[in-house]
Number of protein chains: 4
Amino acid sequence: MQRKVLITDCADEPGLITKLTGVCYAHGLNIIKNSEFVDNSQGRFFMRTELEGRFDDERLLADIDKVLPAQRHRRLVSKGTKRIVVMVTKEAHCLGDLLMKAYYGGLDVEIAAIIGNYDTLKPLADKFDIPFYEVSHEGLTRHEHEHVMMDIIAKFNPDYLVLAKYMRVLTPEFVERYPNRIINIHHSFLPAFIGAAPYRQAWERGVKIIGATAHFVNNCLDEGPIIKQDVIPVDHSYSAEELAKCGRDVEKSVLSKALQLVLQEDVIVYGNKTVVF
Amino acid sequence: MQRKVLITDCADEPGLITKLTGVCYAHGLNIIKNSEFVDNSQGRFFMRTELEGRFDDERLLADIDKVLPAQRHRRLVSKGTKRIVVMVTKEAHCLGDLLMKAYYGGLDVEIAAIIGNYDTLKPLADKFDIPFYEVSHEGLTRHEHEHVMMDIIAKFNPDYLVLAKYMRVLTPEFVERYPNRIINIHHSFLPAFIGAAPYRQAWERGVKIIGATAHFVNNCLDEGPIIKQDVIPVDHSYSAEELAKCGRDVEKSVLSKALQLVLQEDVIVYGNKTVVF
Amino acid sequence: MQRKVLITDCADEPGLITKLTGVCYAHGLNIIKNSEFVDNSQGRFFMRTELEGRFDDERLLADIDKVLPAQRHRRLVSKGTKRIVVMVTKEAHCLGDLLMKAYYGGLDVEIAAIIGNYDTLKPLADKFDIPFYEVSHEGLTRHEHEHVMMDIIAKFNPDYLVLAKYMRVLTPEFVERYPNRIINIHHSFLPAFIGAAPYRQAWERGVKIIGATAHFVNNCLDEGPIIKQDVIPVDHSYSAEELAKCGRDVEKSVLSKALQLVLQEDVIVYGNKTVVF
Amino acid sequence: MQRKVLITDCADEPGLITKLTGVCYAHGLNIIKNSEFVDNSQGRFFMRTELEGRFDDERLLADIDKVLPAQRHRRLVSKGTKRIVVMVTKEAHCLGDLLMKAYYGGLDVEIAAIIGNYDTLKPLADKFDIPFYEVSHEGLTRHEHEHVMMDIIAKFNPDYLVLAKYMRVLTPEFVERYPNRIINIHHSFLPAFIGAAPYRQAWERGVKIIGATAHFVNNCLDEGPIIKQDVIPVDHSYSAEELAKCGRDVEKSVLSKALQLVLQEDVIVYGNKTVVF
């Protein structure tokens with residue numbers, strides 16, 4: 001008995017749920033959980049079906065294809081531990097939370113490697129026996145720097161890349177290599193305070209709430225599909241530094257939660273948005 | 001074209017989604033939204049299907065019955081304005097919020113009548129031209145008092161009764177007359193502070209959060225199936241009276257949200273719990 | 001015995017609390033509650049002192065002036081019911097909440113008059129016997145329109161103006177007439193989604209949280225000092241219209257809470273920020 | 001230049017703020033932050049004063065004593081790193097968060113030692129080079145078991161004991177040895193679900209919100225003064241096990257926040273409550 005998730009996404013038309021679940025039923029698969037969504041503004045249908053049984057992947061997908069309209073995506077993914085590579089700069093809180101959750105089973109993930117553009121977090125990686133690669137950007141062009149990183153990433157063949165406070169902007173070439181597979185944590189409630197120093201911006205604006213946003217990375221700065229956001233209340237007594245310190249807790253928790261949703265195959269990207277089942 | 005909601009609830013078995021949605025499809029009905037849940041601890045399947053089209057209710061339910069296993073419930077309800085009777089004592093905030101939301105369309109509800117055991121809120125009912133019945137409990141047995149109220153309620157044939165800070169305990173006889181149709185707001189985060197004076201209890205305990213709970217009424221005091229809960233942070237500086245004052249806002253908002261869920265047919269009761277789609 | 005609030009704001013220097021509370025003590029006044037804040041980035045001291053006793057306002061302020069450094073503000077305000085004029089367009093939810101809270105004592109406020117640029121909300125004002133002035137902007141220059149409103153406002157001499165979803169931009173002339181006395185509710189979590197149609201913007205961006213912001217109005221659109229913000233979680237299934245509908249609840253609650261803070265004299269404006277004690 | 005916190009707590013009477021801040025001023029100390037609270041129900045005054053300067057502790061406290069009424073407490077504590085001993089059983093999430101925050105400076109704390117009644121968490125302690133003492137309760141009386149632990153604790157002379165999911169009830173003798181110095185995390189929103197298996201209780205009750213409570217330990221089970229509480233929304237789809245898993249995140253975050261408040265000397269205990277400045 002295996003457990004897999006079938007994700008389908010196509011133009012909406014009547015009867016899709018019956019047909020799709022009918023194929024699964026005909027294959028002797030048990031539906032553990034089914035979730036659908038129709039975006040009426042675009043006439044688009046999304047379904048996530050968690051299945052249990054004995055799978056003949058090829059035949060199942062072929063039968064699914066027979067009942068789906070033309071413009072479709074579908075994928076069948078095994079449940080279970082996924083592999084990630086984490087990219088960092090100097091701040092420890094997000095990486096630390098991922099390491100700890102991977103350690104005690106709070107996230108069903110294997111951290112295959114950590115890449116930092118400084119060596120600041122190597123001692124932390126060492127504690128958990130995760131290979132740490134320092135790839136300094138100094139003396140390298142952006143292109144060269146990213147190519148060194150891509151070569152390292154290739155060795156580990158990760159399901160996802162997680163930017164755990166990696167503080168450099170990635171080039172379109174890098175981003176396109178991992179479409180909808182790079183997850184970033186931005187230290188503000190997007191789209192407020194795009195770009196640098198969001199806590200200072202928040203302090204200057206005198207906001208009463210600060211937040212964090214986890215999103216997939218695309219080629220617009222801080223503009224990819226949002227997976228998860230959360231906020232905490234603050235007040236006039238916080239300096240910009242204190243906002244940043246408090247913000248760490250919400251950053252790490254939002255990144256972990258977003259990653260969990262992605263690992264569970266609960267997230268479908270379409271256009272610049274996500275469906276999160 | 002009409003819109004209705006089909007609610008089904010039965011022992012779980014393979015193929016239910018396919019069969020149920022298949023019946024709807026065969027009837028030419030379009031599924032606007034479908035939600036399912038399986039309680040694995042009890043092997044029970046729940047589904048809510050929002051349908052659009054031309055309905056032959058009798059035939060549809062008969063066809064549904066053919067595919068459902070034996071121990072089942074199913075109902076088909078029209079979307080649209082529901083009718084409620086509101087019961088109150090002296091506090092205005094919950095009733096006021098319901099009146100205002102009914103007035104501006106924030107809730108799709110018709111408040112058919114208001115019954116109070118005091119006349120304190122008659123002037124408020126008058127502003128909105130809703131019939132107000134003062135039914136004082138003084139000089140009456142509990143049984144007599146409730147029978148006067150039941151006679152009034154019967155005239156309006158409401159879909160639901162809403163206890164908007166009605167401060168008397170109802171008898172089993174009254175409660176059984178309206179099974180899963182009485183919604184109460186309790187001024188605490190149940191099951192903390194069951195019973196009288198929850199804000200004073202909260203103050204004495206020194207809690208840092210207070211809350212409110214909307215639930216269906218059954219024959220255990222403050223023990224019916226919970227529909228919605230919410231909380232607000234408080235601190236040492238609040239007196240019991242200030243807790244009560246702040247609590248009003250969360251009470252009224254929780255009651256409104258719970259009622260909206262019920263009116264939209266998003267809530268299924270089973271045992272002492274709810275499924276809220 | 002009276003109760004008043006003394007608000008002081010000056011360059012920071014040692015001994016201010018001792019000196020200021022010492023003056024109050026010497027006047028035989030009892031300190032009910034004292035709150036201070038120093039903004040270290042600007043070396044500025046803020047204090048709010050709630051006092052009880054018999055007041056000789058003139059002498060008290062003169063004695064306060066003797067101990068405060070040169071660049072100072074101070075004011076002494078009576079606790080108790082304040083008077084507001086509310087400006088509206090067509091949406092009822094914020095006005096409705098203010099009317100209801102004023103009615104049952106949830107806000108210590110007298111709504112002296114309501115001004116609308118449409119007559120949509122006149123029936124609601126009538127229910128509560130509040131004078132409603134329709135001042136249509138049609139056929140008038142912006143200047144003429146505002147002058148009609150200012151003449152009406154002048155008759156009621158309000159402590160504050162509350163923009164309860166008043167959907168027109170005010171001119172600098174109007175704003176300057178009521179410095180730090182106009183409170184607006186903006187239907188987004190500022191500074192995200194400044195300007196028109198914030199819920200549509202939020203929907204297009206695919207955010208997972210929406211919010212509302214109450215702020216004092218100054219001469220930058222949606223840029224005045226923020227008093228209060230709050231948010232609610234949303235997801236992909238909300239249309240722009242459903243975001244707007246949900247948003248109403250957070251708008252009305254944020255506006256009410258901000259107004260309550262202002263009415264209690266808990267808010268000090270400095271620069272483009274607020275201290276909220 | 002040093003920074004210290006003066007905490008005072010006495011019967012309320014007029015002039016206390018002036019007198020207390022006056023003593024500090026006379027000592028040439030600068031007040032960084034001052035917070036007061038009067039519990040009117042008991043006529044009790046509380047003040048926390050953060051001071052900077054050169055301290056003559058003995059003389060300062062003597063002068064404070066001269067101006068305070070008879071039934072008083074006062075203490076003067078240095079700001080800065082505090083020392084804790086952590087007690088655990090088998091669950092890693094709370095200990096892990098404390099270790100990580102101590103590592104990257106998210107908490108200003110030195111974890112001097114960890115005591116577990118199982119050795120499950122020894123490998124985690126080892127990663128951070130913190131001494132781990134396995135003190136199995138098996139084969140020992142409760143009295144003997146606690147005495148072994150007390151001997152270990154004595155060697156490290158900690159400021160506080162933190163029960164990071166330590167799953168055994170402590171005896172009055174143990175508790176009285178560390179009055180208001182033992183901080184526990186309870187995995188429910190107290191006073192709901194006191195005692196064992198709160199997540200199962202929550203699941204059976206069908207609550208829509210779960211929470212966690214950090215409190216000082218006294219001699220009533222789950223009844224000590226509450227420091228911090230927080231909650232997360234849940235729904236019908238969570239099994240008891242999933243509630244427990246989600247609950248871990250709120251447990252660890254509430255314990256960390258409570259500890260931070262205690263470490264900053266923001267918390268005053270009185271009776272069975274706390275003042276948290």
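Owing to the predicted nature of the structure, the values given are computational and were not obtained by experimental measurement. In what follows, every chain begins at residue 1, and chains take the letters A, B, ... in the order their sequences are listed.
Taking the six-membered ring where tryptophan is involved, the planes of B/Phe37 and B/Phe46 are essentially parallel, since the angle between them stays under 30° and well short of 60°.
Chosen from C/Asp97, C/Leu124, C/Asp249, the residue pairing most often with chain B at heavy-atom distances under 4.5 Å is C/Leu124.
Between the side chains of B/Tyr270 and B/Asp39, at least one donor N or O lies within less than 3.5 Å of an accepting N or O.
In this structure, chain B has a heavy atom under 4.5 Å from the side chain of C/Gln260, while its backbone stays farther away. For C/Lys101, the part lying under 4.5 angstrom from a heavy atom of chain B is the side chain only.
Between B/His93 and C/Tyr103, the distance from one ring center to the other does not fall under 6.0 angstrom.
We find that C/Glu265 and C/Lys82 are joined by a salt bridge, their nearest charged nitrogen and carboxylate oxygen being less than 4.0 Å apart.
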